[in-house]
Amino acid sequence: MNTTPPPSRRAVLQEAALRRAVQRGAVLRRAVAVPLAATTLIGVLGAVPAHATSDRQPAASRIPGGFLLYEGKAARQKAAERLGRATWTTTDRRDVPFLVDPCATKQSTDPGRRAARTITGDSVEWDDTHSEQLIVYRDASAARAAVQGLRAQLRRCAARDAGGGHTFIHATRPARIGDEAFLVKGFFVASGMAGTVARQGRAIVIYTFSDHPEGWPESKFGGKQARAMIAKLARSPLGSRGPA
């Protein structure tokens with residue numbers, strides 16, 4: 001077993017490649033984990049203040065305040081059951097990378113984005129993270145292409161050299177949520193991340209957590225949260241299949 005200590009949180013955020021999260025088991029997870037889900041948001045956490053917006057969102061695609069789950073008090077209280085006391089960061093920048101960023105692109109590479117919101121909750125007492133991201137595209141075709149592009153990255157960087165003799169590993173499994181979805185897990189050294197990527201019409205929603213569950217139980221990957229948001233999108237113009 002590799003005994004090299006994982007890099008510091010600062011190094012992870014700066015390099016965007018050395019990402020880690022929680023080790024299996026609640027005690028070990030809270031003792032050694034670093035929120036890998038948060039490190040995928042290099043552009044957000046490293047430089048973007050809370051509630052920052054890089055440009056105006058088109059009216060037809062504007063994400064209303066309070067629309068995301070983690071903007072609500074009840075959802076944050078539930079997250080606190082796992083995180084303990086947490087600090088929350090929100091950005092409406094459209095150029096942030098996907099929460100799931102296997103090739104460490106550091107910035108968005110998918111065209112057609114019309115609006116975005118990314119929320120990250122970091123534990124104050126432990127290195128643990130809950131993250132939520134909603135990205136709205138000009139139409140369903142652009143959103144579908146973005147999912148295909150992310151899948152291609154996950155295949156291309158399924159085993160990425162992270163330096164120092166370490167390999168960053170990603171794996172996926174299909175899920176039945178919305179128009180299309182999949183579960184994803186990443187592993188680095190002795191820690192990892194778990195998440196769900198789902199699309200409804202022209203919108204993509206992603207949930208990530210500091211965890212590395214055994215097997216593929218949807219509940220451990222944010223499936224419940226993804227289903228709730230997909231249902232919300234299905235009732236909203238943001239989740240429509242036509243152009244905006």
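- The side-chain hydrogen bond (donor to acceptor under 3.5 Å, both in side chains) contacts involving residues 230-239 comprise nothing, where partners must be two or more places apart or lie in separate chains.
- Note that R160 lies in the cation-pi zone of F168, set by a 6.0 Å cut-off to the ring centre and a 45° limit from the axis.
- Closest of all the heavy-atom pairs between T129 and S210 is N-OG, 3.2 Å.
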ask   = Given the rule in the side-chain contact (heavy atoms from CB on, under 4.5 Å) test, do F98 and I206 qualify, once you have shown the distances and angles that lead to the verdict?
value = CA-CA 8 Å; F98 286 126; I206 302 176; 3.6 Å; yes
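- Looking only at atom types and distance, the side chain of Y70 has no donor-acceptor partner in the side chain of E132 under 3.5 Å away.
- Annotation: salt bridge (Lys or Arg N to Asp or Glu O under 4.0 Å) contacts of R241 (sequence neighbours excluded): D179.
- The shortest non-hydrogen separation linking D101 to P97 is OD2-CB, 3.8 Å.
- To the nearest 0.5 angstrom, I119 atom CD1 is 8.5 Å from L69 atom CG.
- With sequence neighbours left out, the side chain to side chain donor-acceptor pair (under 3.5 Å) criterion links Q225 to no other residue.
- The shortest heavy-atom contact between E71 and L68 is OE1-N, 2.9 Å.
- Here the shortest heavy-atom pairing between A146 and Y137 reads CB-OH, 3.4 Å.
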Considering only distance and modelled atom types, tabulate donor-acceptor pairs under 3.5 Å from the side chains of residues 215-224, sequence neighbours left out.
from: E218; atom 1: OE1; to: R227; atom 2: NH2; distance (Å): 3.3
from: E218; atom 1: OE2; to: R227; atom 2: NE; distance (Å): 2.9
from: E218; atom 1: OE2; to: R227; atom 2: NH2; distance (Å): 3.3

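- R113 is linked by a salt bridge (Lys or Arg N to Asp or Glu O under 4.0 Å) to D110, counting only residues two or more places apart in sequence or in another chain.
- Residues in residues 144-173 take part in these disulfide (SG to SG under 2.5 Å) pairs, two or more places apart or across chains: C103-C157.
- The closest side-chain heavy-atom distance from K185 to I169 is not below 4.5 Å.
- Between L238 and R62, the shortest heavy-atom distance links the atoms CD2-O, 3.8 Å.
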